[in-house]
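Below, chains carry the letters A, B, ... as their sequence lines are ordered, and counting in each starts from 1. Since the model is a prediction, treat every value here as computed from it, not as a measurement.
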Amino acid sequence: MPIDYSDFDWQGKNYVKIIGRTLSGKRVCVIDDYEASFWAILQPKVKEKKIQEIIEKISKIKVKNPSRTSSVLKTELCNKKFLGKSVRAIKISVTNHKDMHGIADQLGMKEIYKRREYDISLISKYVMQGGIEPLCWYRINGENIDNSDDFGGIGKALDVDFCLKIEGKEKSKEQPEFKPKILAYDIEVSDIELGKGEILMISLYGKNFKKVLTWKKCNKKQDFVECFKDEEEMIEAFVKSVKEYQPDILTGYFSDGFDLPYLRANAHQNKVKLALGIDGSQPVFSRGRLVSGKISGIVHLDLYRFISSVYFQYLQSETLGLNDIASELLGEKKDDFDFLKLKNMKEQDWKDFFAYNLQDSVITYKLAEKLWPDILEFTKIMKQPLFNVSRNSMSSHVEDYILQNLSGFDEIAEKRPLHEEIGKRRERPKYVGAFVFQPKPGLYENLCFFDFTSMYASVIVSYNLSLSTFESIKEKKPVFSKQKGFFPKMLEEIIEKRKKYKQEYNKNKNPVTKARSNAYKLLANAAYGYQGFFGARYYCVEAAAATASYAKENILTAIDKIKKKGYEIIYSDTDSIAFLLGKNTKKTVLEMLKEINLKLPGIMELELEDFYKRGLFVSKRSIEKGKTREDSGAKKKYALIDEKDKMKIRGFETVRRDWCKLSRELQNKVLQNILKKGNEKSALELIKETIKEIKARQIDKNQLMIRTQLKKPINEYVSKGPHVIAAQKMEDAGLAVSQGMLIEYYLAENKSSKSKLVRDKVKLPDESGEYDIDYYLNNQILPAVGNILEVFDIDVEKEFIKDHRQKGLGDF
DNA sequence: GCGGCGCTTATACC
DNA sequence: ACCGGTATAAGCGCCGC
């Protein structure tokens with residue numbers, strides 16, 4: 001079972017080193033050959049004789065480096081495909097992967113059309129060329145090199161049960177479930193800024209393994225706590241614990257960005273080696289936009305990275321914090337620790353702190369177990385090492401999938417865009433996207449929702465939209481070839497697999513079948529964005545624009561057909577259509593659905609999403625000149641209730657995290673009451689009650705906190721909004737403020753200033769102050785419920801609030 | 001000092 | 001820099017009066 005991948009050079013050649021497990025749980029290292037090669041694609045119609053001359057020239061290329069000289073090992077003339085077209089290409093095998101670029105640079109002959117595949121990582125190429133795929137059982141045989149000096153004595157140096165040089169490999173027919181050995185860790189520090197503080201404690205949690213290592217206050221009552229003389233000894237004990245447990249995966253939460261770099265820095269300061277690797281090496285941090293910490297032989301898994309890049313968009317959590325994520329995925333609320341206590345810790349506080357530290361590791365461990373099926377499926381589908389898969393973005397996943405499936409089409413891979421090309425792509429103007437129907441504000445009864453299944457993906461497949469099938473622009477419209485391209489074909493396979501695994505999941509519901517079906521769904525959904533993404537190898541705006549355009553065309557046609565059948569369209573956004581059932585039965589509606597489907601192109605499919613008892617649509621708050629409330633219905637903002645009384649709320653303040661809890665909860669209750677009962681009576685009572693409480697200052701401050709994300713450094717803001725001021729206040733108070741943080745604040749009365757600016761009322765949660773009644777009434781409650789009640793011709797401001805304002809400040 | 005409008009910003013929908 | 005476009009809305013910044 002191959003788990004961790006790396007590559008190394010030995011005597012000028014490349015090898016792949018894979019760390020994995022045997023069926024019986026032994027830790028093994030296998031070393032496989034790797035032959036570096038890339039392609040020189042020839043211009044069409046180059047004469048045989050000329051080709052032979054070129055091959056001869058190529059064979060003699062040498063690249064000299066300080067450490068080695070690379071040369072061409074062999075060449076092979078092949079018939080291949082490149083972007084769907086048949087080409088003649090020379091496969092150039094070289095001695096060292098790292099010198100492919102240098103050798104490719106020397107292929108300036110005019111007969112060579114393009115040089116390709118010298119920019120793919122070694123491990124990716126290794127797998128593409130038929131190497132061992134990650135997380136699949138293999139039967140292998142080879143030479144035991146435990147005690148040999150081969151490869152510089154690697155067999156002796158690694159902490160593994162045995163080490164093999166591969167001679168034969170075969171993917172096993174049986175693929176029994178594999179459960180990796182996971183160890184979770186978490187640190188607590190005296191100052192969160194790296195280099196400024198000490199590590200107070202480190203917790204570890206695994207199967208039958210729990211520890212908190214510390215050099216601070218120790219007590220005998222918590223048997224999981226181990227005490228050490230100082231930070232240095234504690235870090236050494238951490239390294240020893242990891243070695244003792246022998247994990248396949250060492251996991252943390254935000255550990256790429258915090259725990260591992262912190263450990264590394266403080267180990268260095270203490271002159272201790274953080275020898276976590278199975279070869280005794282220290283973690284290596286790769287540069288990039290985000291730092292990634294790699295440990296040799298053990299997969300360092302930062303769950304935060306996986307969740308933020310692929311998983312988060314399908315969760316309800318409003319933040320990426322361990323707290324929020326764990327409570328949603330595990331249903332566990334974790335106890336909080338008051339970090340302000342750190343300045344003056346009592347005996348009991350330390351006990352609480354140790355327990356808190358351990359708890360974070362426990363939760364991280366459980367989260368890793370929970371997400372394992374998803375990470376496993378992604379790894380198997382993309383055929384990339386676990387380390388990469390757990391950190392990659394969706395666009396990388398799409399690209400990895402393409403690269404690993406090109407051989408089935410005999411395709412040579414397109415190159416990654418260079419800096420200059422990326423710059424150009426990013427400057428392109430936007431193309432027209434989806435259609436959104438402007439609803440008429442109102443409370444509707446008996447609605448039906450249709451939607452297109454994986455609409456954009458099915459458009460790409462049905463209309464054959466991709467880089468390799470793009471032919472030309474005629475009369476301002478892109479033309480795509482009739483012959484199926486590999487990209488749409490791959491996508492069709494993905495959609496088919498998604499269908500198959502979805503059925504499988506419905507038959508047999510478990511985390512594994514769910515993860516499999518979900519992974520293909522995510523991949524299908526990301527394919528459209530990929531073609532319009534400036535960093536993509538197979539970038540094609542024409543395809544992306546055409547996808548959006550054909551999608552629009554199809555939904556407008558469907559809307560038209562539904563209308564012509566006599567239904568009233570209520571709403572539509574991108575791939576969904578809502579209409580009133582009216583006097584028709586569900587059966588008639590389903591017949592119409594069938595009829596529409598008969599005429600849809602290719603694999604496109606319209607399906608019934610659901611029937612809803614009621615639906616509420618409101619008007620926009622700012623009504624444009626010359627328009628009435630009636631024709632100013634807000635898009636992307638509605639609330640539905642189905643036949644089981646389950647609500648579906650979109651776009652309303654209830655679902656926006658930058659509104660205070662009070663408004664969100666009140667609005668939610670108002671919507672619930674209206675949708676359940678079909679009238680506004682009880683909702684009015686709720687509003688009245690809340691307004692009374694606000695005026696009487698009976699509202700808990702926690703209900704009034706507003707949270708807004710700080711998206712850039714404080715000084716880069718042109719417009720200093722309330723949350724920027726709050727962030728500034730935090731910084732002034734000595735609190736750590738960083739980009740991406742959720743800034744929390746409330747609005748307080750400011751008697752010393754007459755300023756009308758909201759930002760002059762900003763106070764941090766622990767700052768004392770009286771909440772600003774006018775602000776919360778006029779800027780929170782009124783907007784949240786105003787346009788809902790407007791549907792029933794009620795003016796909330798006139799009914800409840802104005803009265804207060806007219807009395808003026810004199811009341812207070 | 002105030003109202004209006006444009007711009008910046010955050011967040012949602014699909 | 002790490003998937004696309006469409007949309008709402010708050011609150012500042014600035015202008016003119």
Without decimals, in angstroms, what is the distance between A:R664 CZ and B:dA10 C1'? 14 Å
Check whether any side-chain N or O of A:R650 sits under 4.0 Å from OP1 or OP2 of B:dC14, and answer yes or no. yes
side-chain hydrogen bond (donor to acceptor under 3.5 Å, both in side chains) assessment of A:Q667 paired with A:T654: CA-CA 6 Å; A:Q667 189 189 55; A:T654 301; 2.6 Å; yes
Pairs involving residues 530-539 of chain A, ordered by first then second residue, that meet salt bridge (Lys or Arg N to Asp or Glu O under 4.0 Å) (sequence neighbours left out): A:D119-A:R537, A:E399-A:R537
Over how many whole Å does the gap from A:D658 atom CG to B:dT9 atom C1' extend? 10 Å
Counterpart residues, side chain to side chain donor-acceptor pair (under 3.5 Å), relative to A:R428 (two or more places apart): A:Y539
When the P atoms of C:dC2 and B:dA10 are compared, how many Å lie between them, rounded to an integer? 15 Å
Listed partners of A:T557 passing side chain to side chain donor-acceptor pair (under 3.5 Å), at least two apart: none
Residues passing the side chain to side chain donor-acceptor pair (under 3.5 Å) test with A:Y612, sequence neighbours excluded, are A:E609
What pairs of donor and acceptor atoms, side-chain ones from residues 384-392 of chain A against any protein atom, are under 3.5 angstrom apart with sequence neighbours left out?
unit_1	atom_1	unit_2	atom_2	d
A:Q384	OE1	A:S124	OG	3.1
A:Q384	OE1	A:Q404	NE2	3.2
A:Q384	NE2	A:S124	OG	3.0
A:S390	OG	A:L386	O	3.0
A:S390	OG	A:F387	O	3.0
A:R391	NE	A:D256	OD2	2.8
A:R391	NH1	A:H300	O	3.0
A:R391	NH1	A:F387	O	3.1
A:R391	NH2	A:D256	OD1	3.1
A:R391	NH2	A:D256	OD2	3.4
A:R391	NH2	A:H300	O	2.7
A:R391	NH2	A:H300	ND1	3.4
A:N392	ND2	A:D400	OD2	3.4

Qualifying salt bridge (Lys or Arg N to Asp or Glu O under 4.0 Å) pairs with a residue from residues 449-461 of chain A, counting only residues at least two apart or across chains: none
Nearest-Å distance for atom pair OH/P, residues A:Y638 and B:dC14: 4 Å
Excluding sequence neighbours, so at least two apart, what forms side chain to side chain donor-acceptor pair (under 3.5 Å) with A:Q739? none
Report the distance from atom CZ of A:R707 to atom P of B:dA10, rounded to the nearest whole Å. 16 Å
What residues in residues 715-724 of chain A put a non-hydrogen atom under 4.0 Å from any atom of DNA chain B? A:Y717, A:V718, A:S719, A:H723
NZ of A:K712 versus P of B:dT8: gap in Å, rounded? 9 Å
Reading 5' to 3' through nucleotides 1-10 of chain C, protein heavy-atom contacts under 4.0 Å coded B for base, S for sugar-phosphate only, - for none: SBBBBBSSSS
